[in-house]
Amino acid sequence: MRYAIFSDIHSNLQAFEAVLEAYSEERIDKYFCVGDIVGYAANPIECLELARKLNSVVVAGNHDFASVDLTGIEYFNPVAKQAVLWTKRILNEDWKDFLKRLPLVFEDKDFSLVHGTLEDPEKFDYLTNEFVAKGTFDLIKNNLLFVGHTHVPGIFIEEVSYISYSQAGKIKLTSDKRYIVNAGSVGQPRDGNPKASYCIFDTDTQLLEMKRINYDIEEAQKRILDAGLPAYLAQRLLVGR
Ligand code: ZN
């Protein structure tokens with residue numbers, strides 16, 4: 001099976017379409033989204049429609065839950081807060097129901113998904129270092145977990161009890177190790193590379209690929225500004241921060 005795994009679309013339709021176009025040439029069997037379909041950019045409904053059309057498995061992100069009052073926005077920065085409030089006004093009740101029903105964790109025989117960490121999925125903590133990774137490795141039921149939330153693609157690898165970090169674009173998984181893979185962000189990368197981030201995992205070859213693709217950033221920026229969202233949300237797309 002060839003799986004597509006992506007995260008943090010954040011209502012950026014241009015980035016999402018570019019990633020789906022790239023996936024269309026990859027013989028994908030099933031799609032998985034690690035959370036935050038909405039928030040920040042200007043096309044939440046179009047992004048939700050695409051995710052549903054793909055029949056993708058989706059877990060909840062903090063912006064998804066904040067948009068339906070399932071998580072508070074007191075810890076959100078002012079710009080993120082503004083985007084959440086804007087998104088709440090745009091979403092109809094059907095889409096709010098869809099978001100409310102998203103699970104925090106998905107577990108399968110091949111891999112699991114969680115937006116933040118497995119320790120407290122509902123707190124949406126950031127899995128940013130080996131120490132936090134250890135807490136989540138202790139709770140994984142299989143050898144592979146995909147996370148999102150930081151918008152920085154990368155792979156934590158546990159071998160015996162030693163954890164290392166890799167930003168390799170391609171890695172062959174082996175059964176003596178366990179892996180936490182951050183899929184990066186489709187719609188708002190923050191690793192200094194503005195290209196949309198996405199993953200492919202092939203269960204036959206055990207090959208994991210971390211990929212990037214250009215998209216129409218100018219159009220996404222225009223839509224953010226036209227929607228009356230904060231200009232900073234448009235500016236940051238160009239620098240990938
Ligand atoms: Zn996010």
Side-chain angles (χ1 to χ4, degrees), residues 5-16 18-19 32-48 50-51 56-88 90-91 95 98-99 102-106 113-118 120-128 132 136 145-154 180-199 210 212 215 217 220 224 229-230 232-237 239-241:
I5 303 102
F6 54 92
S7 190
D8 294 272
I9 299 156
H10 284 297
S11 306
N12 186 336
L13 180 63
Q14 286 65 44
F16 197 17
V19 165
F32 296 84
C33 173
V34 203
D36 276 356
I37 297 177
V38 304
Y40 292 130
N43 292 98
I45 290 175
E46 293 83 348
C47 291
L48 285 163
L50 279 178
S56 32
V57 169
V58 184
V59 292
N62 54 321
H63 285 255
D64 301 323
F65 268 9
S67 301
V68 292
D69 298 318
L70 286 181
T71 189
I73 55 171
E74 59 274 16
Y75 300 113
F76 280 53
N77 68 51
V79 167
K81 238 180 232 178
Q82 242 178 293
V84 167
L85 297 174
W86 182 90
T87 303
K88 271 170 93 164
I90 296 288
L91 295 176
W95 284 120
F98 174 88
L99 292 174
L102 293 179
L104 283 161
V105 179
F106 167 83
L113 312 174
V114 69
H115 190 63
T117 71
L118 283 179
D120 293 294
E122 72 287 351
K123 284 192 187 159
F124 299 107
D125 290 330
Y126 292 90
L127 207 156
T128 47
V132 186
T136 282
L145 169 75
F146 288 92
V147 298
H149 201 28
T150 67
H151 300 202
V152 176
I180 298 174
V181 178
N182 192 309
S185 172
V186 171
Q188 195 194 79
R190 292 182 193 156
D191 61 343
N193 177 355
K195 292 181 182 183
S197 178
Y198 63 102
C199 304
M210 312 284 284
R212 304 301 282 261
Y215 71 95
I217 292 181
I224 287 169
L229 285 156
Y232 170 67
L233 293 176
Q235 289 153 10
R236 68 188 303 177
L237 296 181
V239 287
R241 289 283 177 207

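Remember, it's 1-based here, ligands and their atoms both numbered in the order they're listed.
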Student: Apply side chain to side chain contact (heavy atoms under 4.5 Å, CB included) to His149 and Thr117, showing your working.
Tutor: CA-CA 9 Å; His149 201 28; Thr117 71; over 6 Å; no
Student: Check for a donor-acceptor pair, side chain of Ser56 on one end and backbone N or O of Ala51 on the other, with a separation under 3.5 Å.
Tutor: yes
Student: I'd like to know if the side chain of Tyr215 pairs up with that of Asn12 as donor and acceptor (distance under 3.5 Å, no hydrogens or angles considered).
Tutor: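 Result is yes, a qualifying pair exists.
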Student: side-chain hydrogen bond (donor to acceptor under 3.5 Å, both in side chains) with Asp8: which residues, sequence neighbours excluded?
Tutor: His10, His151
Student: Please answer whether the main-chain N or O of Ala183 pairs with a side-chain N or O of Ser197 as donor and acceptor at a distance below 3.5 Å.
Tutor: yes
Student: Under 2.8 Å from the Zn ion (ligand 1), which protein atoms of type N, O or S occur, listed by chain and number?
Tutor: Asp8 OD1, His10 NE2, Asp36 OD2, His151 NE2
Student: With a 6.0 Å cut-off on ring centres, are Phe32 and Phe146 close enough?
Tutor: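 Ring centroids of Phe32 and Phe146 are no less than 6.0 Å from each other.
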